[in-house]
Structure formats: structure tokens, C-alpha cells
2 protein chains.
Amino acid sequence: MTLAYAPDAPLATPAIAQVMERLGLRMNFAKDEEIFCQDEEADLLYIVVTGAVRTTRLLSDGRRQVGSFYYPGDLVGLETGDLHRFSAEALCDCTLLVVKRSAVKTFAGDEDLDRALWQATRRELERTQEHLLVLGRKTACEKVASFLMDLAQRDRSEQVALPMGRQDMADYLGLTIETVSRMLTQLQGASVVEFDGCRRFRVTRWDALERLAE
Amino acid sequence: MTLAYAPDAPLATPAIAQVMERLGLRMNFAKDEEIFCQDEEADLLYIVVTGAVRTTRLLSDGRRQVGSFYYPGDLVGLETGDLHRFSAEALCDCTLLVVKRSAVKTFAGDEDLDRALWQATRRELERTQEHLLVLGRKTACEKVASFLMDLAQRDRSEQVALPMGRQDMADYLGLTIETVSRMLTQLQGASVVEFDGCRRFRVTRWDALERLAE
DNA sequence: CGAAGACTTGATTCTAGTCAACTCCCGTGG
DNA sequence: CCACGGGAGTTGACTAGAATCAAGTCTTCG
């Protein structure tokens with residue numbers, strides 16, 4: 001069954017982007033630089049302008065879960081009440097628009113903005129629910145296939161870039177790097193995808209990928 | 001590390017409950033009756049009055065993921081854009097308050113209501129993120145332990161009721177019923193919890209349960 | 001060119017899944 | 001009230017899939 005779910009639609013609407021442009025500050029982050037930290041107060045809201053961001057959460061013994069990846073146009077920092085429940089880090093050098101929540105709040109009367117932020121929160125929830133299904137009920141191969149599928153759908157060009165390393169993929173999918181690597185090799189062996197170096201691939205058989213992603 | 005996370009706080013605020021009381025309809029559902037269906041249009045919003053509800057999502061081959069359980073005071077049906085991404089079913093005979101989204105929309109000017117609904121969506125997102133962590137990075141034992149912990153925190157009485165069967169627990173935790181059963185036996189063997197029949201338990205060692213839940 | 005880090009591959013282990021039998025409830029009807 | 005039956009839950013033996021441990025190889029970058 002198919003769901004009306006567009007993983008590639010950006011989270012920020014024009015209404016939000018406009019306000020953030022007006023009130024916000026452009027900031028650059030280096031690869032792996034921390035944008036905000038788990039358990040820190042959630043003061044700011046971000047839009048990715050260029051580059052990509054990951055959110056992560058650590059268990060006390062060091063196990064890590066990647067919550068999500070964010071690309072240009074995505075709102076980051078919604079995933080939260082008063083405290084950040086995840087950390088956010090730059091996946092590569094990137095530029096973000098940053099704005100104080102309190103500054104956004106002075107626009108509270110602005111119905112469009114409120115509605116847009118709520119809408120964005122709902123879309124974030126939808127993404128998280130898709131992710132839940134992947135973690136709970138898919139095999140390693142299905143996880144990796146659906147991950148590549150999501151990326152390829154977002155970036156419709158022939159060559160799809162993987163902005164994250166194997167460890168990030170593994171921690172996103174609830175696997176180890178070795179298992180991710182093996183599944184990638186397997187998908188290549190089945191001529192479903194074709195890698196050109198380890199950070200760039202091409203889907204050679206969409207139907208097969210779709211079927212494997214379940 | 002501890003997070004300011006209260007899994008037992010109901011999702012509906014007084015502002016929402018008040019409007020729903022005014023505009024809503026009380027409906028009864030029998031055990032296992034469908035409340036709404038995956039891929040159906042999302043017209044209605046629900047508050048659990050008595051009983052409990054589960055949301056589920058099916059993969060084409062029959063694998064099932066339980067999205068969440070809802071108890072009295074919880075809002076159900078937020079988890080959605082225009083189409084329901086999950087089905088909802090009564091876990092036991094239960095009563096819900098039902099209201100049309102469009103009816104709520106006529107109160108759009110009501111800032112409190114809008115804010116409360118957004119807030120509720122954010123709390124739903126938080127719950128989903130906690131669930132994500134459990135599915136992605138915890139072992140079978142930790143999954144079961146943290147599940148029992150959540151239940152026990154919600155229902156602070158000595159004897160905690162399990163309103164769901166083993167299959168629902170398994171599909172919520174991404175396990176099989178056999179594994180859930182084994183882990184429950186194990187936790188009992190370690191004198192962490194004590195079962196009185198298979199639908200009722202008591203936490204005998206909170207510290208141990210907390211440690212096992214990670 | 002050399003070194004460090006990222007990725008892949010192989011051998012082995014271990015956790016959770018599968019399949020099958022068994023037990024315990026619990027409700028029903030004699 | 002007890003016997004029976006069926007569904008839910010538990011337990012055991014075995015298997016499969018992913019994790020772990022340990023080399024390797026490929027990249028990238030100074």
C-alpha cells in the first residue's frame with residue numbers, strides 16, 4: 001500500500017523561511033561541529049541553508065542513535081520541548097539560519113507562522129514514525145535499501161551523494177558499520193545500485209530497490 | 001543522564017479537553033474494534049476517556065508495528081497529516097470523545113487552543129523519539145524492562161495492569177512474543193518484578209529495573 | 001610518499017527468531 | 001460446580017541473522 005508521504009519535501013514553508021530571513025542570523029559550522037547539545041536549553045531554531053546536519057542521542061554506555069538527517073530547507077530544533085532531547089552536529093561544513101525562539105514568539109499573533117510551525121512539527125513527527133517502522137520491523141538489508149531509496153528520492157540526480165559516513169548510517173539504522181558495509185556490497189552484487197567511491201552511488205534498478213526496501 | 005521527560009503526563013491539556021467536551025461526541029468501542037484505519041482520511045480527533053487504544057501499522061507481508069499506546073487523557077489522531085499513517089484500535093472496551101477537525105478549526109482564532117494542539121503534537125513527537133531510541137539501540141531485555149518501567153510510572157499503584165497482550169507488546173518493541181515472554185520470565189527470576197497472572201505485575205526492585213532499562 | 005582514518009571482508013559468536021510442544025487461564029455449558 | 005475447550009502464554013531445541021573481533025584494503029591528505 002502506498003502512503004502520501006514525500007520524504008523529500010523540505011520542512012520549512014515560505015512563511016517560516018521569510019521570518020527567519022528577517023530575524024535570523026547566518027552561521028557557519030565546520031564538519032562535526034556541535035550545533036546544539038542534548039539536555040541543553042532549546043532557545044534557538046535553525047534552517048539548513050547549505051550542507052547537512054544530523055541529530056544524535058547517546059545512551060550512558062556510549063551506544064548512539066542518530067535521530068534524523070537534515071538537508072537544505074529543513075527546520076532543525078523543533079524536535080523538542082524546553083530541553084533538546086537530541087544533539088545536533090554538522091555532517092559537513094554547512095551554513096544555517098539561526099533565530100531565537102523568543103523572537104519568533106513575538107510574531108505569535110501571526111497565524112500563518114504559527115500554523116506553519118505546527119505543520120512543520122507534524123511533518124517531523126511523520127518522518128520519525130517512518131523511521132520507527134524501519135527500526136522496529138525491517139531486516140538489515142531492507143533498512144539499508146530504504147535508506148538509499150530515501151536519499152535517491154530526495155536528490156533525483158543520476159549520481160546521489162552520501163553526505164554521511166558508514167557509522168552515521170549504522171547509528172541511524174540501528175546496525176553496525178560492518179553490517180551496513182556488507183549490505184551495500186550485497187546490493188551492489190545484485191546490481192541494484194552502483195557505487196563510485198564510497199560516498200557516491202547510482203540506482204541501477206529502481207524496481208528492485210523498491211521491492212527490497214519493502 | 002536524566003531528561004526532563006514525563007511519559008505519564010496526558011497529552012490533552014485542559015484547553016483541549018474543554019473544547020472537545022463542548023463539540024465532541026462520546027463513543028464506545030469494543031475490544032479490538034477499529035477506531036480509524038491506515039490510509040483513511042484523517043477527519044476526526046479523539047480523546048481517550050476510559051480504556052486504552054493502540055495505533056498500528058502493517059507492512060505488506062503482515063509484519064506489524066505498534067506505534068503507541070494511549071490512555072485516559074491522551075489525544076489520539078494527531079499523528080497525521082491528511083491521511084492516517086497508522087490504524088487505531090481499542091485495546092479493550094473503551095470510551096472516546098470524538099470531534100471533527102473542521103469543528104476545531106472554527107476555533108482557529110482561539111490562540112490557546114492552537115497552542116495546546118501544537119504542544120500536544122510536540123509531546124507526541126517526544127514520545128515517538130523515546131520509542132525510536134528503544135527500537136534502535138536497546139537489547140530485548142532492556143526493551144522489555146523500559147516498557148514495564150513506563151507502565152509502572154504511569155500507574156503508580158502497587159499493582160500495575162498490563163492492558164495489552166504479549167503480541168501487542170512484541171509488536172511495540174520490535175520483538176517476538178516468545179522473546180517478550182522469556183524476558184518477562186527472566187525479570188521475574190531476577191526478582192525485579194513479580195507477576196500475578198499474566199496481565200498484572202508489581203515492581204519489586206525499582207533500582208534494578210531502572211538499571212536494566214538503561 | 002607515508003600515515004591515519006574509513007571502509008571492506010572473513011571467521012566466529014551470540015542474540016533473538018523460528019518451530020513445536022506444553023501449560024495455564026478463563027469462559028462456557030452440561 | 002466441575003469438565004471441557006480454546007486461546008494466550010511459556011518453555012525448549014534448534015536456526016538464522018546480525019554483532020563482534022581481527023585482518024586486510026582503499027582513500028585522502030599532509
Side-chain angles (χ1 to χ4, degrees), chain A residues 30-32 54 59 61-66 91-93 134-148 161-190 193-201 212 214, chain B residues 30-32 54 59 61-66 91-93 134-148 161-190 193-201 212 214:
Chain A
K31 178 170 156 59
D32 292 324
R54 70 169 170 258
L59 293 183
D61 66 352
R63 280 175 289 180
R64 191 181 75 144
Q65 177 67 48
V66 169
L91 212 51
C92 52
D93 293 352
V134 171
L135 289 180
R137 284 297 177 217
K138 292 196 178 176
T139 63
C141 182
E142 291 169 345
K143 284 175 176 181
V144 172
S146 59
F147 182 75
L148 293 183
L162 276 177
M164 70 290 292
R166 297 296 187 263
Q167 188 66 60
D168 284 334
M169 291 175 60
D171 288 343
Y172 179 75
L173 297 172
L175 298 171
T176 59
I177 42 174
E178 292 97 328
T179 300
V180 169
S181 182
R182 276 184 246 274
M183 296 303 128
L184 289 173
T185 305
Q186 191 177 308
L187 288 172
Q188 257 188 118
V193 295
E194 194 175 297
F195 274 79
D196 164 29
C198 57
R199 293 291 191 103
R200 184 161 289 282
F201 73 98
L212 286 168
E214 189 67 341
Chain B
K31 179 171 155 58
D32 292 325
R54 69 167 170 260
L59 292 183
D61 65 352
R63 281 175 289 181
R64 191 180 75 144
Q65 177 68 47
V66 169
L91 212 51
C92 52
D93 294 351
V134 170
L135 289 180
R137 283 297 179 216
K138 291 196 178 176
T139 63
C141 182
E142 290 167 346
K143 285 176 176 180
V144 172
S146 59
F147 182 74
L148 294 182
L162 277 176
M164 69 291 290
R166 298 295 188 264
Q167 189 65 61
D168 285 332
M169 290 174 61
D171 288 343
Y172 179 76
L173 297 172
L175 298 171
T176 59
I177 41 173
E178 292 95 330
T179 300
V180 169
S181 183
R182 277 185 247 274
M183 295 304 127
L184 289 175
T185 305
Q186 192 175 309
L187 288 173
Q188 257 187 116
V193 294
E194 193 177 299
F195 273 78
D196 164 27
C198 57
R199 292 292 190 102
R200 185 162 289 282
F201 73 97
L212 285 168
E214 189 67 340

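Since we're looking at a predicted model, the values are computed, not measured. Below, read A as the first sequence line, B as the second, and so on, with proteins coming before strands; counting in each chain starts at 1.
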Subject >> Distance in angstrom units between B/Leu135 CG and D/dA18 C1', rounded >> reply: 17 Å
Original post:
Is there a donor-acceptor contact under 3.5 Å from the side chain of A/Ser146 to the main chain of A/Glu142?
Top reply: yes
Original post:
Whole Å only: how far is the CD1 atom of B/Ile177 from the P atom of D/dT10?
Top reply: 9 Å
Original post:
Under 3.5 Å, is there a donor-acceptor pair between the side chain of B/Gln65 and the main chain of B/Asp171?
Top reply: yes
Original post:
Do B/Thr179 and B/Val144 have side-chain heavy atoms sitting under 4.5 Å apart?
Top reply: no
Original post:
What's the CZ-P distance between B/Arg199 and C/dC24, to the nearest Å?
Top reply: 18 Å
Original post:
If you measure from CG on B/Leu212 to OG1 on B/Thr139, what distance do you get to the nearest 0.5 Å?
Top reply: 8.5 Å
Original post:
Which heavy atom in A/Leu59 sits nearest to a heavy atom in B/Arg137, and how many Å separate them?
Top reply: CD1-O, 4.0 Å
Original post:
Are A/Arg63 and B/Glu214 close enough for a salt bridge, meaning some N to O gap below 4.0 Å?
Top reply: yes
Original post:
Please give, in whole Å, the distance from D/dT10 C1' to B/Leu187 CG?
Top reply: 15 Å
Original post:
For A/Met164 and C/dA6, what is the distance between atoms CE and P respectively, to the nearest whole Å?
Top reply: 16 Å
Original post:
To the nearest 0.5 Å, how far apart are CG in B/Leu187 and CZ in B/Arg182?
Top reply: 14.0 Å
Original post:
When the distance from CZ of A/Phe195 to P of C/dT9 is rounded to whole Å, what number comes out?
Top reply: 12 Å
Original post:
Between C/dC25 atom P and B/Leu162 atom CG, what is the distance in whole Å?
Top reply: 15 Å
Subject >> Donor-acceptor contact below 3.5 Å, side chain A/Arg166 vs main chain A/Cys198 >> reply: yes
When you compare the protein's N or O atoms with those of nucleotides 28-30 of chain D, which come within less than 3.5 Å of each other, and at what distance?
none

Original post:
Can you find a donor-acceptor N/O pair under 3.5 angstrom joining the side chain of A/Glu178 to the base of C/dC7?
Top reply: no
Original post:
In whole angstrom, what separates B/Arg166's CZ from C/dC25's P?
Top reply: 12 Å
Original post:
If we fit an axis to the first five pairs and another to the last five of the helix from C/dC1-D/dG30 to C/dG30-D/dC1, what angle do they make, to the nearest 10°?
Top reply: 30°
Polar atom pairs between nucleotides 13-17 of chain C and protein, under 3.5 Å, N or O only, would you list them?
from, atom 1, to, atom 2, distance (Å)
C/dA16, OP1, B/Ala140, N, 2.8
C/dG17, OP2, B/Thr176, N, 3.4
C/dG17, OP2, B/Thr176, OG1, 3.3
C/dG17, OP2, B/Thr179, OG1, 2.6

Original post:
To the nearest 0.5 Å, how far apart are CG in A/Leu184 and CD1 in A/Ile177?
Top reply: 12.0 Å
Subject >> Any side-chain heavy-atom pair of B/Phe147 and B/Met164 under 4.5 Å >> reply: yes
**OP:** Among A/Met183, A/Lys138, A/Met169, find the residue that satisfies the side chain to side chain contact (heavy atoms under 4.5 Å, CB included) test when tested with A/Lys143.
**Re:** A/Lys138
